[in-house]
Amino acid sequence: MKLIGKIIGAAVLTLVALYYGTFLIMPSITVSNDSGATIQSVNVTLPDSTLDFGSLERQQQNTIHYALHQNNGDYQYRIVDSDGAIRTGRCGSVMDYEVHKRVQIQVNKHDVICSD
């Protein structure tokens with residue numbers, strides 16, 4: 001009976017390690033709201049998908065991981081401010097199988113800063 005418990009415990013630990021390990025491998029985008037006001041919505045379009053970050057309160061950030069397999073292209077963002085103003089732009093480049101890539105999009109009062 002103890003052997004079965006050890007096997008089940010080892011299997012659970014392995015699954016948990018694999019689950020959290022995928023977040024270390026998968027690329028991600030983090031959007032930070034440093035604008036001093038609520039942002040209604042943030043969308044970032046990749047060559048193969050669109051990431052919806054939803055609304056962001058002041059000083060809030062949101063991170064989304066995306067699939068390793070991507071066609072080459074760039075990050076295109078669309079930000080709707082609380083007053084309805086829309087900011088769009090492009091930044092950085094997306095390439096296929098970029099392991100552990102971390103992109104930061106910082107939304108300020110007057111501009112958007114991207115870094116990767």
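None of these values were measured; they are calculated from a predicted model.
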Could you tell me which non-hydrogen atom of Q70 sits nearest to which non-hydrogen atom of D48, and how far apart they are? CA-OD2, 3.2 Å
Contact summary for A67 and P27, nearest pair of heavy atoms: O-CG, 4.1 Å
Hey, does the side chain of D116 reach the backbone of G92 with a donor-acceptor pair shorter than 3.5 angstrom? no
For H110 and R87 the tightest heavy-atom approach is C-NH1, 3.9 Å
State, yes or no, whether a side-chain contact exists between Y77 and V42 at a heavy-atom distance under 4.5 Å. no
Is I4 reachable from I7 through a run of I, L, V, M, F, W or Y residues, each pair having side-chain heavy atoms under 4.5 Å apart? no
Nearest-0.5 Å distance that lies between atom CD1 in I8 and atom CG in L13: 12.0 Å
Nearest-0.5 Å distance, OG of residue S93 to CD of residue E98: 6.0 Å
Contact summary for T14 and A10, nearest pair of heavy atoms: OG1-O, 2.8 Å
To the nearest 0.5 Å, atom CG of L56 lies from atom CD of Q61 at 9.0 Å
Just so I know, are the side chains of R78 and I86 near enough to count as touching, which here means a heavy-atom distance under 4.5 Å? yes
Would you find more than 12 non-hydrogen atoms of other residues, nucleotides or ligands less than 6.0 Å from R90 atom CZ? no
With clusters defined by side-chain heavy atoms of hydrophobic residues (ILVMFWY) lying less than 4.5 Å apart, directly or transitively, does L51 cluster with I39? yes
Minimal non-hydrogen separation, S32 against Q104, with atom names: OG-OE1, 4.2 Å
So CD of Q40 and OG of S55: to nearest 0.5 Å the spacing works out to 8.5 Å
Is a side-chain N or O of D83 found less than 3.5 angstrom from the main chain of A85, in a donor-acceptor match? yes
With side chains defined as the heavy atoms from C-beta onward, is the minimum distance between V31 and N62 less than 4.5 Å? no
Is I29 close to L46 at the side-chain level, that is, under 4.5 Å between some pair of heavy atoms? yes
Would you say the side chain of T22 lies within less than 4.5 Å of the side chain of H65, judging by non-hydrogen atoms? no
In terms of heavy-atom contacts, S28 and Y66 come closest through N-CE2, 3.9 Å
Examine M26 and Y75 and state if one hydrophobic cluster contains both, with Ile, Leu, Val, Met, Phe, Trp and Tyr joined whenever side-chain heavy atoms are less than 4.5 Å apart. no
Under 3.5 Å, is there a donor-acceptor pair linking the side chains of E57 and T38? yes
Hphob cluster co-occupancy, F53 + V112, side-chain heavy atoms under 4.5 angstrom: yes
Ring-plane angle category for Y20 and F23, please: parallel below 30°, perpendicular beyond 60°, tilted otherwise. tilted
D34 vs Q59 side-chain heavy atoms within contact, under 4.5 Å: yes
Quick one: does Y97's side chain get under 4.5 Å of H69's, heavy atoms only? yes
One should read off an interatomic distance between I105 CD1 and N33 CG, to the nearest 0.5 angstrom, of 12.5 Å
